[in-house]
Amino acid sequence: VEDPARKRAFLEQYVAEELIHRKAKRLELDKDPSVRKQAERAMRQLMIQKVLEEEIKAKVKISDDDVELYYRAHTDRYGEKEAFKIRMMKVDADRIQGVRQSLAAGEAFAELAKTHSLDEATRAKGGEVGDWIEEGLDPTGMGDPNRLWLALANHGEGDITEPVGVDGQYYLFQITSRRPPRLFSLEEAKKQVEADLTQERVEKAYKELVQQALQASEVKLFPERIRKDVREDAPG
């Protein structure tokens, strides 16, 4: 059953827009030159879009064989990168040695993070960073994705990294989970492969249509002569 509150809100908006539209007509805004110009632009774009949709739709056909061939040619695009889940601790320089000694003595990283970490976002959770960290990402706030990745790389689950110094403070990381790189099978990647192949063919078909239209009309282009007002009228 449709939500009555949403139904009422939709109805109120529809009625309000209709009343405002009637007011605009009484004010003869439909005759205003700027409004008419915008309406012409909108109509022009709708007509262009309709032609493109119809002609491109006729050109872009995707079969299962096409999808499989595209997947095999671009297999490395579809998969999961190596990634880590971690706990972190941010401590002042005068405390880093004591924290490391406590870790070496067997104290839990999470408990030490709750007590010593300066990172407000993760301290209460024992330093837990919720996101998977792939190369190039830095949800820790350390400010240097490359240094973070170098600190984590080549470590396994349970490992604690060497301290990373940043602006007089130190970051320690514990690997709680490691996800190795993995390529997706065709079944797993099929929807994305279809979308990528379709987008590629649509772009190709669009360029072909533009070239065909220009060649058929024998139009000659002189970009240096484009006036400022024409540029402002151009879409986008």
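The structure displayed is predicted, hence computed values, not measured ones. Numbers here simply count residues along the sequence, with the first being 1.
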What residue among Glu82, Glu80, Arg179 forms side chain to side chain contact (heavy atoms under 4.5 Å, CB included) with Glu134? Arg179
The single option from Thr161, Leu137, Ile133 passing side chain to side chain contact (heavy atoms under 4.5 Å, CB included) against Leu148: Ile133
Are more than 12 heavy atoms, taken from residues, nucleotides or ligands other than His21, located less than 6.0 Å from that residue's NE2 atom? no
Is atom CG of Asn154 surrounded by more than 12 heavy atoms (other residues, nucleotides or ligands) closer than 6.0 Å? no
With rounding to the nearest 0.5 angstrom, report the [atom1] to [atom2] distance, [X] to [Y].
X: Thr176; Y: Asp159; atom1: OG1; atom2: CG; value: 11.5 Å
X: Gln215; Y: Glu208; atom1: CD; atom2: CD; value: 10.5 Å
X: Tyr78; Y: Arg182; atom1: OH; atom2: CZ; value: 15.0 Å
X: Phe109; Y: Glu128; atom1: CZ; atom2: CD; value: 12.0 Å
X: Arg87; Y: Ser177; atom1: CZ; atom2: OG; value: 12.0 Å
X: Leu69; Y: Arg72; atom1: CG; atom2: CZ; value: 8.5 Å

Exercise: identify the closest heavy-atom pair between [X] and [Y]:
X: Asp138; Y: Gly143; answer: OD2-N, 2.7 Å
X: Asp3; Y: Ala5; answer: OD1-N, 3.1 Å
X: Val60; Y: Ala205; answer: CG2-CB, 4.3 Å
X: Ala153; Y: Phe84; answer: CA-CZ, 4.2 Å
X: Gly127; Y: Ala113; answer: N-CB, 3.8 Å
X: Glu107; Y: Leu112; answer: OE1-CD2, 3.5 Å

With the side chain counted from C-beta on, respond yes when [X] and [Y] share a heavy-atom pair under 4.5 Å apart, and no when they do not.
X: Leu152; Y: Arg178; answer: no
X: Asp92; Y: Leu118; answer: yes
X: Asp144; Y: Val164; answer: no
X: Leu27; Y: Asp32; answer: no
X: Thr140; Y: Ile86; answer: yes
X: Gln174; Y: Leu103; answer: no
X: Ile48; Y: Gln45; answer: yes
X: Glu162; Y: Arg100; answer: yes

After noting the C-alpha distance and the side-chain angles of Met88 and Met142, does the key distance pass the side-chain contact (heavy atoms from CB on, under 4.5 Å) rule? CA-CA 10 Å; Met88 62 173 282; Met142 192 173 76; over 6 Å; no
Give a yes or no on whether the backbone of Ala189 and the side-chain of Gln192 come within a donor-acceptor separation of less than 3.5 Å. no
Would the distance check show the side chain of Arg123 and the main-chain N or O of Lys90 forming a donor-acceptor pair, the cut-off being under 3.5 Å? no
Please identify each residue that fulfils salt bridge (charged side-chain N to carboxylate O under 4.0 Å, His left out) with Glu187, with sequence neighbours left out. none
Worked check of side-chain contact (heavy atoms from CB on, under 4.5 Å) between Leu183 and Thr75: CA-CA 7 Å; Leu183 294 176; Thr75 305; 4.0 Å; yes
Find out if a path of hydrophobic residues (ILVMFWY) with successive side-chain heavy-atom gaps under 4.5 Å connects [X] to [Y].
X: Val210; Y: Val202; value: yes
X: Val129; Y: Leu150; value: no
X: Leu11; Y: Leu19; value: yes
X: Ile160; Y: Ile96; value: yes
X: Leu172; Y: Tyr170; value: yes

Exactly one candidate in Glu194, Arg201, Arg77 meets side chain to side chain donor-acceptor pair (under 3.5 Å) with Tyr70; the answer is Arg77
Under-4.0 Å salt bridge between [X] and [Y]:
X: Lys204; Y: Glu200; answer: no
X: Glu54; Y: Lys50; answer: yes
X: Lys37; Y: Glu40; answer: no
X: Glu157; Y: Lys85; answer: no

Apply salt bridge (charged side-chain N to carboxylate O under 4.0 Å, His left out) to residues Arg22 and Glu18 and explain how you reach the verdict. CA-CA 6 Å; Arg22 292 180 184 181; Glu18 180 60 27; 3.2 Å; yes
When you look at Leu197 and Asp66, which way does the side-chain contact (heavy atoms from CB on, under 4.5 Å) test go after all the steps? CA-CA 8 Å; Leu197 177 55; Asp66 293 333; 3.8 Å; yes
